[in-house]
Amino acid sequence: MTANKRKNRLIFNIKRISATRHIFLILILTAYAIMPAAMMAESDPFTPSAAQKGIRTSTDVIAVTLPATALAVTLLERDWEGLKQGAISAAVTAGVTIGLKYLVKERRPDFSNRHSFPSGHSAVTFAAATYIGKRYGWKWSIPAYALSTYTAWGRIYGRKHHWWDVAAGAAIGAASSFLFTHPYMRKHEVALVPAVSDTGAGAALSFAF
């Protein structure tokens, strides 16, 4: 190889390296330019509509009243064994749900925090519904499951969760109650009836002496 050819090849390699560096520099600058905008878009606060606010509120109400209803049934029946089983189910549901929230750290669809997975509302409502059905008869759990399903849908509609969040929460709650709850011979007729109005949703308890 002649000296001129070696010189020309060296110049070509230098130019190629220089061009590669320029490309990397452009990519880095582009990434820095896009990243802040993407982060701002991701962290922009989400403003729910009036309908979404109403649905969110109703799911909050159900998440409290449905487990409270299950507890009321247990106390009215003086079912102390059921109370113990329900407490174990609730503890397992809460422990697994909270543990996964802090382990996975998935961002919510409304960007409010990183505790989206799994859905706590779905977990507690499906745990309560399954407890009622397994302990006191599956026919009594039908309205409870209807309210639980509404809660799961409402958390998605209100952009508090993704669909897989509520699916996981429902599975955790239902599985906990199914594993730790056993049937109970009732002396009274217990009925759980869903109650829905323009301002929210809940459950009505009927107990026959």
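Given the structure is predicted, the values throughout are model-derived calculations rather than measurements. FYI, the numbering just counts along the sequence from 1.
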Q | Over all atoms of both residues, closest heavy-atom pair of Thr181 and Arg135 | A |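 For Thr181 versus Arg135, the nearest heavy atoms are CG2-CB, 3.7 Å.
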
(Q) On a heavy-atom basis, which atom in Gly158 and which in Phe46 lie closest, and how many Å separate them? (A)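 Here Gly158 and Phe46 meet closest at O-CE2, 4.3 Å.
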
Distance from [X] atom [atom1] to [Y] atom [atom2], nearest 0.5 Å?
X	Y	atom1	atom2	value
His162	Ile156	NE2	CD1	10.0 Å
Ile62	Thr57	CD1	OG1	11.0 Å
Thr65	Leu71	OG1	CG	12.5 Å
His121	Leu66	NE2	CG	12.0 Å
Leu147	Thr59	CG	OG1	11.5 Å

Say whether [X] and [Y] are linked into one hydrophobic cluster, either directly or through other cluster members, by side-chain heavy-atom distances under 4.5 angstrom.
X	Y	value
Leu179	Ile88	yes
Leu100	Val166	yes
Ile172	Phe117	yes

Given 3.5 Å as the limit, does a donor-acceptor pair link the side chain of [X] with the main chain of [Y], or not?
X	Y	value
Arg107	Arg114	no
Ser58	Ile55	yes
Ser49	Gln52	yes

Compute whether any side-chain donor of one residue and acceptor of the other, for [X] and [Y], lie under 3.5 angstrom apart.
X	Y	value
Arg108	His161	yes
Ser176	Tyr131	no
Thr74	Tyr136	yes
Tyr150	Thr125	no
Ser177	Ser89	yes

Q | Non-neighbouring partners of Phe178 that pass ring pair (Phe, Tyr, Trp, His ring centres under 6.0 Å), sequence neighbours left out | A |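 Scan of Phe178 (ring pair (Phe, Tyr, Trp, His ring centres under 6.0 Å), adjacent residues dropped) gives none.
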
Q.
Please determine whether side-chain hydrogen bond (donor to acceptor under 3.5 Å, both in side chains) holds for the pair Arg155 and Ser119, giving the CA-CA distance in whole Å, both sets of side-chain angles, and the decisive distance to 0.1 Å.
A. CA-CA 8 Å; Arg155 303 304 286 174; Ser119 167; 4.8 Å; no

Q: Check Thr97, Asp165, Val96 against Pro118 for a side chain to side chain contact (heavy atoms under 4.5 Å, CB included) and give me the one that passes.
A: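 Among the candidates, only Thr97 passes.
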
**Q.** From CA spacing to verdict: side-chain hydrogen bond (donor to acceptor under 3.5 Å, both in side chains), Glu106, Trp164
**A.** CA-CA 11 Å; Glu106 179 188 61; Trp164 54 85; 2.7 Å; yes

Q.
Counting neighbours of CH2 on Trp138 that are heavy atoms of other residues, nucleotides or ligands and sit closer than 6.0 Å, is the number greater than 12?
A.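 Atom CH2 in Trp138 is crowded, with more than 12 foreign heavy atoms closer than 6.0 Å.
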
Q: Please lay out, stage by stage, how Ser116 and Lys160 fare under the test side-chain contact (heavy atoms from CB on, under 4.5 Å).
A: CA-CA 7 Å; Ser116 186; Lys160 295 300 292 182; over 6 Å; no

Q: List the steps, then state whether side-chain contact (heavy atoms from CB on, under 4.5 Å) holds for Ile132 with Val73.
A: CA-CA 8 Å; Ile132 293 171; Val73 171; 5.6 Å; no

Q: Report the residues that fulfil salt bridge (charged side-chain N to carboxylate O under 4.0 Å, His left out) with Arg56, sequence neighbours left out, ordered by chain and then residue number.
A: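 Salt bridge (charged side-chain N to carboxylate O under 4.0 Å, His left out) check on Arg56 returns Asp110.
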
